[in-house]
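A note on names: the letters A, B, ... follow the listed sequences, proteins ahead of strands, and every chain is numbered from 1. Fair warning: this is a prediction, and the values are worked out from it, not measured in the lab.
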Amino acid sequence: MQTLERAEIQRVGAEFGDALIKVKAFRDNLFLCVDKARLRDVAMFLRDDPEFEYTQFSDCTCCDYSKWEHERDLPQRFEVIYNLYSIRNASRIFLKVGVDDGETTPSLIPVFIGAEYSEREVWDLFGVVFEGHPALKRFLLPDDWVGFPLRKEVPLGGEDVDFAHGDRGPAVEDLSMPHAGESFEGKTGSEDVSGR
Amino acid sequence: MSDPQTFMPSTETLFERVGDNTMIVNMGPQHPSTHGVLRIILELEGETIVNLECVIGYLHTGMEKEAEYQQYLKCVTMTDRMDYLAANSNNLAHALSIEQLLDIEIPPRGQALRVLLTELSRIASHCVWLGTHALDLGAMTPFFWIFREREKILDMFEMFSGVRMMPSWIVPGGLRGDMPEGFEEKLRAFIKEFPAALGECEDLLVDNPIWKERTMNVGTISGDLCMNLGLSGPIIRASGVAWDLRKSNPYSGYENYDFAIPVGHHGDVYDRFIVRLAEMRESLKIIEQVIDGLPEGSWSSSDRKVVPPPRAELDNSMESLIHHFKLWTEGYHPPVGESYVGIEGPKGEIGWYIVSDGSNRPYRWHVRPPSLVNLQALKHMCMGRMIADVVAIIGSIDIVLGEIDR
């Protein structure tokens, strides 16, 4: 494990104590794993402190660690990662919170209004619920989509495709069947698609 | 949520307080001025916009999921197809992030050529922006004139890689190949001709009273709001924040080049227009410095675990043959960890967040798309403006839907 000499570690540690669960440095990046109950406070502290001024909200994303086999930063299934930037110091910091299935995490919109689209995208693709987010609606996916595709239990290929009238079949065109008014009965259904 | 019918937002039910004196107007996704397949639902009071919502996802192809299924090198071609107007910037951001995971350094010639390609990409992207932005507001001529110049850049990309818009030439570990024969003459001719060609377009617009009427004090946004929204690139600079990742966190040797950051004052459509025009000239300055001081040597890393050996080596080196075979079948295994590198793309900060679990495929592969974050500004810029201003404002944000939807 590398160590980075950054004032943020001491200051956040002194200010929030146990809420700072872990400090991780990898290559040039600094990750602060924080208790999600204090996430807004930590973000506000980093934003308003005259020494840091992390005023630029850069990104929010998520990672599903349910198939991870190595050491973890946080015990929960999902890690939501906020990426903040300080224009004054030209430095970047990452805040991580752990969220389990069925739990919620506070939305960062009260601190950075720019979190709206990124958090909505995370909800759309992972199903992580952000408390206080005004519009957790489908964003990139169609409005009638069921499920959250970036979760690890969703297979990477060979998925069945939903056709009209509830029929399901593999995503391969059957040239022996007519196109108009087609019926997909007799298809192989949920059998594995070769090569995947 | 389980019943899709109740979950479908329609233009009629999207806003709660519809009915009193307001009207809902749908714009897009097939509207020519939305620069792709952006759909905007506007709530109007007379002709004034009182609410606005963007509907995206029409181009969503699940690239972030797809990447988890691909080896690292095979992800490169997907990066081109996000911001297809500036594919080299995407390639570079992606390559830098993987190189951060692998902890490898690129030789100076490779870095210089990367800067050359990304700056050419920036000019090409700004050319498309200028042409379409002017076209949206009714000026036809700049579109043809500036696309003629962009064509020359695409020709140069074709010389490099054989592909005009999606070169995939910048890969983790360096480049796929060196600068081709005859490229330098073509580039020098371009450097000589481009300022005059850009000047012609500028003459049509910069002091044009109609253009000024349509763009000045339209879509104003303050620097503080820009930061809070996470905006980056020319938008934030037009609002007076002199922040450019090429200066603040230099990568690929940008600290060696002399260039200025154009900054605006009012943060309106006109300032963003001026900032981008000035940026094209600054990019040209960088390109000239790169080609004048192009270092000799290799253009890619000598780490044979990441970069394949030259073809000639395969004939007389068993080890090279093994490396070649392993690289093209299995790929490479970055160490366990996570990386993020943000670079200054033509539209703003573009960066890749990559989580590696030590296998030859990314565990998580996420792009921070500048267009998606910048699109959030649309609502703040359009409130209280007329419907015709929406077209001017979208043009000035410079979005690419391939990147927003991915």
Is it the side chain or the backbone of [X] that comes within 4.5 Å of chain A heavy atoms, both, or neither?
X: B:Tyr340; result: both
X: B:Val341; result: neither
X: B:Val336; result: both
X: B:Leu231; result: backbone
X: B:Leu101; result: both

Can you tell me which portion of [X] sits under 4.5 Å from chain B's heavy atoms? Options are side chain, backbone, both or neither.
X: A:Asn83; value: side chain
X: A:Arg88; value: neither
X: A:Ile81; value: side chain

Carefully, step by step, assess B:Ser359 and B:Asp357 under the rule side-chain hydrogen bond (donor to acceptor under 3.5 Å, both in side chains).
CA-CA 6 Å; B:Ser359 74; B:Asp357 61 348; 2.9 Å; yes

How about [range] versus chain B: which residues have heavy atoms under 4.5 Å apart?
range: residues 90-97 of chain A; value: A:Ala90, A:Arg92, A:Phe94, A:Lys96
range: residues 125-133 of chain A; value: A:Leu125, A:Phe126
range: residues 36-56 of chain A; value: A:Arg47, A:Thr55, A:Gln56

At their closest point, which heavy atom of B:Lys347 faces which heavy atom of B:Asn374, and how far apart are they?
O-ND2, 2.9 Å

Partner chain A: residue of [options] with the largest heavy-atom pair count (under 4.5 Å):
options: B:Glu66, B:His60, B:Glu338, B:Glu349; value: B:Glu338
options: B:His380, B:Arg364, B:Glu68; value: B:Arg364
options: B:Gly57, B:Gly348, B:Ala377, B:Gly230; value: B:Gly230

B:Asp83 side, atom CG; B:Ile350 side, atom CD1 - distance, nearest 0.5 Å
6.0 Å

Do B:Lys247 and B:Phe259 meet the cation-pi criteria used here (NZ or CZ under 6.0 Å from the six-membered ring centre, within 45° of the axis)?
yes

Most heavy-atom pairs under 4.5 angstrom with chain B, which of A:Phe57, A:Phe31, A:Tyr117?
A:Tyr117

Fit a plane to each ring of B:His94 and B:Trp365, take the angle between them on a 0 to 90° scale, and name the class: parallel (under 30°), tilted (30 to 60°) or perpendicular (over 60°).
perpendicular

Do [X] and [Y] have side-chain heavy atoms sitting under 4.5 Å apart?
X: B:Val55; Y: B:Ile40; value: no
X: A:Arg151; Y: A:Phe78; value: yes
X: B:Ser248; Y: A:Ile87; value: no
X: B:Glu43; Y: B:Leu52; value: no
X: B:Leu96; Y: B:Leu92; value: yes
X: B:Arg368; Y: B:Pro370; value: yes
X: A:Lys152; Y: A:Tyr65; value: no

For A:Tyr85 and B:Asn249, which I'm curious about, is there any donor-acceptor pair between the side chains at under 3.5 Å?
yes

Does a side-chain N-to-carboxylate-O contact under 4.0 Å join [X] and [Y]?
X: A:Lys24; Y: A:Glu79; answer: no
X: A:Asp143; Y: A:Arg138; answer: no
X: A:Asp101; Y: A:Arg77; answer: yes

Are there over 12 heavy-atom neighbours, none belonging to A:His70, within less than 6.0 Å of that residue's NE2?
yes

Can you confirm whether more than 12 heavy atoms, excluding those of A:Gln10, are under 6.0 Å from its CD atom?
yes

Of all pairs that satisfy side chain to side chain donor-acceptor pair (under 3.5 Å), the ones with a partner from residues 397-406 of chain B, not counting sequence neighbours
A:Glu121-B:Arg406, B:Glu64-B:Arg406, B:Ser371-B:Glu403

